[in-house]
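Input: a single structure, listed below in structure tokens.
Residue numbering restarts at 1 for every chain, and letters A, B, ... go by the order of the sequence lines.
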2 protein chains.
Amino acid sequence: MAATIKQIAGRLNVSVATVSRALNDLPGVGEKMRRKVRRTAAELGYVPDFHARALVSGKVPFLGLVVPDITNSFFPALALAVEEAAAASGQSLILLNTNWRRDRLAQALELLSSRRVSGLIVAEPLDAAILDSVDLETVSNGLVLAGVEAPGGTGLCSVMVDDRDGGMQVGRHLVECGAHRIAFVGGPSESPNSRDRLEGLTIGLGISGGAAAIVSVTDGAWTEESGYRQADRLLRDMVPDAIFAANDLLAIGVMRRLVESGIAVGRGVALAGYDDTHVVSLTSVPITSVAQPTAQVGSLAVKLLGQMLSGDSGCGDAVLKPSLVARSSTLEFSNLHVLAPRDAQGA
Amino acid sequence: MAATIKQIAGRLNVSVATVSRALNDLPGVGEKMRRKVRRTAAELGYVPDFHARALVSGKVPFLGLVVPDITNSFFPALALAVEEAAAASGQSLILLNTNWRRDRLAQALELLSSRRVSGLIVAEPLDAAILDSVDLETVSNGLVLAGVEAPGGTGLCSVMVDDRDGGMQVGRHLVECGAHRIAFVGGPSESPNSRDRLEGLTIGLGISGGAAAIVSVTDGAWTEESGYRQADRLLRDMVPDAIFAANDLLAIGVMRRLVESGIAVGRGVALAGYDDTHVVSLTSVPITSVAQPTAQVGSLAVKLLGQMLSGDSGCGDAVLKPSLVARSSTLEFSNLHVLAPRDAQGA
DNA sequence: CGGGATGGCGTAAACGTTTACGCAACGTAA
DNA sequence: TTACGTTGCGTAAACGTTTACGCCATCCCG
């Protein structure tokens with residue numbers, strides 16, 4: 001049985017206050033006594049009860065990161081970044097995986113209002129229904145969103161990555177690669193991230209002035225299976241020049257479906273994903289993707305959280321820029337459709 | 001400010017006991033009063049303070065999973081399995097990532113003794129030094145190891161996967177594929193998992209009776225970089241027929257190095273990994289790997305933990321069997337070196 | 001109509017800490 | 001010497017719950 005402060009006090013015939021002071025390096029206790037307390041604490045195998053400590057002091061040494069899908073490598077990468085940033089400020093991280101389930105998300109938020117964590121970084125969208133189920137006033141200072149936009153009205157703090165810009169970069173890149181008929185394979189239709197990436201794509205195609213046009217938009221979940229199914233539906237009608245998947249997982253699903261149809265990714269169809277997870281650089285033909293600045297997102301989120309907790313209520317929303325990473329899945333297509341004509345000209 | 005049970009009681013002119021009973025569906029309170037309490041609790045946005053609750057009841061609704069590297073997809077997969085099993089028994093999961101750092105591991109164990117979690121599932125090795133730093137008696141019932149062996153002497157509970165068997169399966173498979181000079185690319189030299197997989201490999205090669213022999217053993221970390229470096233060292237001396245990497249991450253690193261040398265994976269060299277993470281099925285040439293029964297590991301670990309917490313101290317250690325998943329990285333080699341001679345015979 | 005159950009509620013102790021306050025003893029300066 | 005600050009410690013309240021216990025009605029059965 002874990003020893004308590006009271007047992008230590010009893011053994012030494014001193015008061016619990018003295019023991020507490022001794023153990024916490026607070027003034028008001030002699031050096032000799034401090035050593036005695038330390039020693040018996042070690043002997044008894046004393047471990048402080050965080051619950052009791054948190055109950056009275058109101059402070060908890062943990063912050064939580066809520067992710068929707070731990071299986072999607074993007075989130076472990078984010079977790080790593082957040083963890084490092086948190087460690088730098090002396091806090092450690094616990095990870096909550098919701099599996100895209102609303103009850104788990106609500107539970108995670110409750111974790112915050114029940115003061116089990118000092119702060120929460122949430123990396124998935126919060127809709128009105130969820131927000132209704134928690135006390136916003138209580139929760140709002142101690143919560144920062146990462147990579148998702150704050151719902152309107154709520155003064156929630158967030159650090160965003162510019163999805164529209166990412167989509168734009170992809171759009172321009174695809175036009176440069178010589179793609180004309182472009183398909184977008186989206187995430188859930190209600191996801192702002194997915195919508196913004198599509199919007200960006202449209203803008204990117206527009207400003208590139210190419211004859212490019214988006215020929216199809218589909219929707220589903222953020223999974224490989226959804227990518228596969230959407231590609232399947234897509235191929236019934238047409239074979240586009242290029243496919244932009246709102247997600248690397250989707251992109252991989254799309255790729256699987258393309259391969260099944262004997263369509264060579266990068267040759268027959270250009271393919272781009274989003275998140276630049278490690279796996280897209282390893283696939284049979286490496287997939288072009290948009291890298292999110294996870295390290296910055298993590299450190300900024302932790303920083304903002306720290307400010308909020310220390311009273312600076314100035315919710316300095318931040319928005320970072322992603323960057324396109326071009327790989328064979330589009331470059332090869334480019335070689336065939338852009339350089340090849342030139343070569344033909346030269347010949 | 002989050003409302004307390006006391007405020008609700010004050011508003012209704014009843015005692016806190018009544019409120020507590022009403023909210024927790026305990027008997028001893030009238031239906032009418034229960035409804036009134038519920039309503040004002042909702043009005044005030046009451047959220048129970050888990051700290052206070054845990055302090056008095058000694059029960060915490062969370063169990064923790066400690067993983068060494070959240071970036072290694074094997075662990076998210078395990079996390080998912082554990083989470084589902086935990087959810088089935090009404091508990092939710094928090095994830096701790098140690099990044100292979102001992103201080104983080106110690107911190108995670110402290111989390112258990114400080115009663116912030118009801119139980120802990122640890123998926124990385126615990127050595128003597130770590131165990132010394134915590135109160136074993138306190139910690140040991142509430143702790144189960146998953147996928148790693150319990151250190152001798154400590155009566156720690158564990159659910160293992162038979163690494164030796166996995167290695168054996170790989171060994172036999174490689175011999176069947178016609179490999180003779182086989183290299184092993186290991187994890188950290190002190191890792192029992194790595195050692196067992198190597199031992200299994202040796203045994204597998206032996207009982208297959210082939211002229212196969214292990215020509216090299218190296219060691220490092222469980223990372224892709226380590227795999228790359230080890231393959232680099234390996235290739236200075238020789239080009240083996242087959243390489244067995246103790247880990248998929250290592251295997252991918254090895255693959256990267258092989259590709260750089262223009263050695264065709266699956267043709268020039270057979271390659272096998274371990275864990276059967278999703279990525280090895282997506283690489284340019286899909287990599288043969290050994291699948292761990294994560295779902296069973298997860299549910300068994302949770303089950304054992306439940307038994308321990310409810311007093312059944314019978315620490316029923318379990319050991320499960322892995323299964324080899326053969327892919328092109330070895331099958332292609334097999335076609336070239338086993339079937340081809342037969343064809344030649346036939347011709 | 002009296003008796004013991006029973007249901008509904010309040011009182012208060014307990015969980016393990018932190019911390020404001022009080023109180024001696026001791027030293028130091030006038 | 002007096003007066004006063006400082007050091008070292010104890011007392012006790014507080015944090016927000018749960019829960020054993022006791023009390024007063026009410027009800028049912030004989």
| task | May I have the distance from Asp49(B) (atom CG) to dC15(D) (atom C1'), rounded to whole angstrom? | result | 8 Å
| Nearest-Å distance for atom pair CZ/C1', residues Arg116(B) and dC15(C) | 16 Å
| When we call it a touch if two heavy atoms are under 4.0 Å apart, what does Pro48(A) touch: a base, just sugar-phosphate, or nothing? | sugar-phosphate
| said: Is it the case that the base of dG8(C) and the side chain of Arg34(B) share a donor-acceptor contact (distance under 3.5 Å, atom types as modelled)? | reply: no
| Val161(A) and Pro293(A), any side-chain heavy atoms less than 4.5 Å apart | yes
| request: Please step through side chain to side chain contact (heavy atoms under 4.5 Å, CB included) for the pair Asn72(A) and Trp222(A), ending with a clear verdict. | output: CA-CA 9 Å; Asn72(A) 178 347; Trp222(A) 290 112; 5.5 Å; no
| request: Look at all strands and tell whether Phe50(A) reaches a base, only sugar-phosphate, or nothing, counting heavy atoms closer than 4.0 Å. | output: nothing
| task | For Val56(B) and for Ser20(A), find the nucleotide of DNA chain C with the closest heavy atom, then tell me which residue's nucleotide is more 5'. | result | Val56(B)
| task | Please report, rounded to the nearest Å, how far the P atom of dC15(C) is from the NZ atom of Lys59(B). | result | 17 Å
| message | Do Val148(B) and Asn193(B) make a side-chain contact, defined as non-hydrogen atoms from C-beta onward lying under 4.5 Å apart? | response | yes
| message | Can you measure Leu12(A) atom CG to dG10(D) atom C1' for me and round it to whole angstrom units? | response | 14 Å
| request: Answer with yes or no whether the side chains of Glu149(A) and Ser158(A) bring together a donor and an acceptor at under 3.5 Å. | output: no
| said: Checking contacts here: which listed nucleotide (dT18(D), dT17(D), dC9(C)) is nearest the side-chain heavy atoms of Asn24(B)? | reply: dT18(D)
| request: Have a look at Gly30(A) and say if it touches a base, only the backbone sugar-phosphate, or nothing, with a 4.0 Å heavy-atom cut-off. | output: sugar-phosphate
| message | Nearest whole Å is fine: how far is dA14(C) C1' from His51(A) NE2? | response | 16 Å
| Any side-chain heavy atom of Leu23(A) within less than 4.5 Å of one from Tyr46(A)? | yes
| message | So which atom in Ile70(A) and which in Pro76(A) form the shortest heavy-atom distance, rounded to 0.1 Å? | response | O-CG, 3.4 Å
| If each of Ala52(B) and Leu26(B) is mapped to the nucleotide of DNA chain D with the nearest heavy atom, which maps nearer the 5' terminus, i.e. the 5' end? | Ala52(B)
| Within this structure, what is the NZ-to-P distance between Lys6(B) and dA12(C), rounded to whole angstrom? | 14 Å
| query | In whole angstroms, how far is the C1' atom of dG10(D) from the CG atom of Asn13(A)? | reply | 13 Å
| said: Quick check for you: among dT11(C), dC9(C), dT11(D), whose closest atom lies nearest to any side-chain atom of Ala17(A)? | reply: dT11(D)
| said: Rounding to an integer number of Å, can you tell me how far Gln7(B) CD sits from dT17(D) C1'? | reply: 14 Å
| Are OP1 or OP2 of dT18(C) and a side-chain N or O of Ser57(A) less than 4.0 angstrom apart? | no
| task | Please state whether the phosphate of dT11(C), meaning OP1 or OP2, lies under 4.0 angstrom from any side-chain nitrogen or oxygen of Ser15(B). | result | no
| task | Report the residue (Val16(A) or Met33(A)) whose heavy-atom-nearest nucleotide on DNA chain D is the more 5′ of the two. | result | Met33(A)
| said: Does Val47(A) reach a base, just sugar-phosphate, or nothing at all? Heavy atoms under 4.0 Å. | reply: sugar-phosphate
| request: Take Leu55(B) and Arg21(B), find for each the nucleotide of DNA chain C with the closest heavy atom, and name the residue whose nucleotide sits nearer the 5' end. | output: Arg21(B)
